[in-house]
Amino acid sequence: MTLHYQQLFAAFREAGSALESLRERASDTSDASLARDPDYHRLHHCGMVIATLGGGNAIAAAIEALSDDPRNSVDLRRYWAGMDQWPQSPSQYN
(Lines give C-alpha, C1' and ligand atoms only; values in the text may rest on other atoms or scores of the structure.)
Protein backbone atom coordinates (compact mmCIF):
# COMPACT_ATOMS: atom_id res chain seq x y z
CA MET A 1 0.00 0.00 0.00
CA THR A 2 1.40 3.40 -0.92
CA LEU A 3 1.90 6.25 1.51
CA HIS A 4 -0.93 8.12 -0.22
CA TYR A 5 -3.45 5.36 0.56
CA GLN A 6 -2.11 4.84 4.07
CA GLN A 7 -2.69 8.52 4.83
CA LEU A 8 -6.16 8.42 3.29
CA PHE A 9 -7.19 5.34 5.29
CA ALA A 10 -5.65 6.72 8.50
CA ALA A 11 -7.66 9.94 8.03
CA PHE A 12 -10.83 7.90 7.45
CA ARG A 13 -10.29 5.85 10.63
CA GLU A 14 -9.51 8.99 12.65
CA ALA A 15 -12.62 10.70 11.25
CA GLY A 16 -14.73 7.77 12.44
CA SER A 17 -13.25 8.04 15.91
CA ALA A 18 -13.79 11.80 16.08
CA LEU A 19 -17.35 11.51 14.77
CA GLU A 20 -18.16 8.86 17.37
CA SER A 21 -16.85 11.15 20.12
CA LEU A 22 -18.99 14.01 18.80
CA ARG A 23 -22.07 11.78 18.70
CA GLU A 24 -21.66 10.98 22.38
CA ARG A 25 -21.99 14.69 23.17
CA ALA A 26 -24.55 15.58 20.52
CA SER A 27 -26.55 17.84 22.82
CA ASP A 28 -24.85 21.06 21.66
CA THR A 29 -23.66 21.21 18.07
CA SER A 30 -23.87 24.96 17.65
CA ASP A 31 -21.11 26.52 15.57
CA ALA A 32 -19.70 28.25 18.66
CA SER A 33 -19.47 25.01 20.62
CA LEU A 34 -17.98 23.10 17.67
CA ALA A 35 -15.34 25.79 17.21
CA ARG A 36 -14.03 24.94 20.69
CA ASP A 37 -14.39 21.16 20.45
CA PRO A 38 -11.13 19.21 19.94
CA ASP A 39 -13.02 16.26 18.41
CA TYR A 40 -14.53 18.59 15.82
CA HIS A 41 -11.04 19.90 15.05
CA ARG A 42 -9.88 16.28 14.51
CA LEU A 43 -12.89 15.57 12.30
CA HIS A 44 -12.35 18.74 10.28
CA HIS A 45 -8.64 17.98 9.78
CA CYS A 46 -9.48 14.46 8.62
CA GLY A 47 -11.97 15.86 6.13
CA MET A 48 -9.29 18.18 4.77
CA VAL A 49 -6.89 15.25 4.33
CA ILE A 50 -9.56 13.07 2.68
CA ALA A 51 -10.61 15.90 0.34
CA THR A 52 -7.05 16.74 -0.58
CA LEU A 53 -5.91 13.18 -1.15
CA GLY A 54 -9.08 11.66 -2.57
CA GLY A 55 -11.14 14.53 -3.91
CA GLY A 56 -14.89 14.99 -3.82
CA ASN A 57 -15.61 11.32 -4.47
CA ALA A 58 -13.61 10.33 -1.38
CA ILE A 59 -15.51 12.84 0.78
CA ALA A 60 -18.84 11.52 -0.53
CA ALA A 61 -17.76 7.92 0.07
CA ALA A 62 -16.51 8.74 3.58
CA ILE A 63 -19.80 10.44 4.46
CA GLU A 64 -21.71 7.42 3.18
CA ALA A 65 -19.48 4.94 5.04
CA LEU A 66 -19.43 6.84 8.33
CA SER A 67 -23.16 7.61 8.44
CA ASP A 68 -25.14 4.82 10.05
CA ASP A 69 -28.39 6.81 10.12
CA PRO A 70 -29.84 9.82 8.25
CA ARG A 71 -29.16 12.27 11.09
CA ASN A 72 -25.47 11.38 11.15
CA SER A 73 -25.32 11.85 7.40
CA VAL A 74 -26.84 15.33 7.71
CA ASP A 75 -24.43 16.25 10.51
CA LEU A 76 -21.38 15.01 8.63
CA ARG A 77 -22.44 16.83 5.46
CA ARG A 78 -22.73 19.99 7.56
CA TYR A 79 -19.34 19.46 9.20
CA TRP A 80 -17.63 18.84 5.85
CA ALA A 81 -19.66 21.31 3.77
CA GLY A 82 -17.77 22.42 0.68
CA MET A 83 -14.85 20.04 1.09
CA ASP A 84 -16.08 17.98 -1.85
CA GLN A 85 -15.34 21.02 -4.04
CA TRP A 86 -11.69 21.36 -2.97
CA PRO A 87 -9.04 20.76 -5.59
CA GLN A 88 -7.26 17.45 -5.18
CA SER A 89 -3.55 17.84 -4.60
CA PRO A 90 -1.86 14.68 -3.27
CA SER A 91 1.63 16.16 -3.42
CA GLN A 92 0.87 18.25 -0.32
CA TYR A 93 0.85 15.14 1.89
CA ASN A 94 3.60 13.06 0.23
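As the structure is a computational prediction, the values presented were derived from the model and not from experiment. Side chains included, hydrogens not; waters and symmetry mates left out as well; all remaining heavy atoms used.
Across all non-hydrogen atoms, the minimal contact from V49 to Q7 is CG1-O, 4.2 Å. M83 approaches M48 most closely through the heavy-atom pair SD-N, 3.6 Å. Scanning both residues, L8 and G54, for their nearest heavy atoms gives CD1-N, 4.2 Å. Nearest heavy-atom pair, Y79 versus H44, reported as atom, atom and distance to 0.1 Å: O-CD2, 4.3 Å. The two residues C46 and A15 make their nearest non-hydrogen contact at SG-N, 3.5 Å.
For residues 51-61, no residue pair satisfies the salt bridge (Lys or Arg N to Asp or Glu O under 4.0 Å) rule, not counting sequence neighbours.
The shortest side-chain heavy-atom distance between L43 and L76 falls under the 4.5 Å cut-off. Annotation: side chain of L19 is not in contact with side chain of D75 (no heavy-atom distance under 4.5 Å).
Comment: D31 engages R78 in a salt bridge, judged by a side-chain N to carboxylate O separation of less than 4.0 angstrom.
With sequence neighbours excluded, no residue forms a ring-ring contact (aromatic ring centres under 6.0 Å, His included) with F12. Every residue meeting the side chain to side chain donor-acceptor pair (under 3.5 Å) condition with D39, not counting sequence neighbours, appears here in chain and number order: R25, R42. Scored by the side chain to side chain contact (heavy atoms under 4.5 Å, CB included) test, A35 finds no partners at all (sequence neighbours excluded).
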Acceptor/donor pairs from residues 56-68 side chains to any protein atom, 3.5 angstrom cut, sequence neighbours excluded:
from	atom 1	to	atom 2	distance (Å)
S67	OG	I63	O	2.6
S67	OG	S73	N	3.4
D68	OD1	N72	ND2	2.5

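Between the side chain of S21 and the main chain of S17, a donor-acceptor pair closer than 3.5 Å is present.
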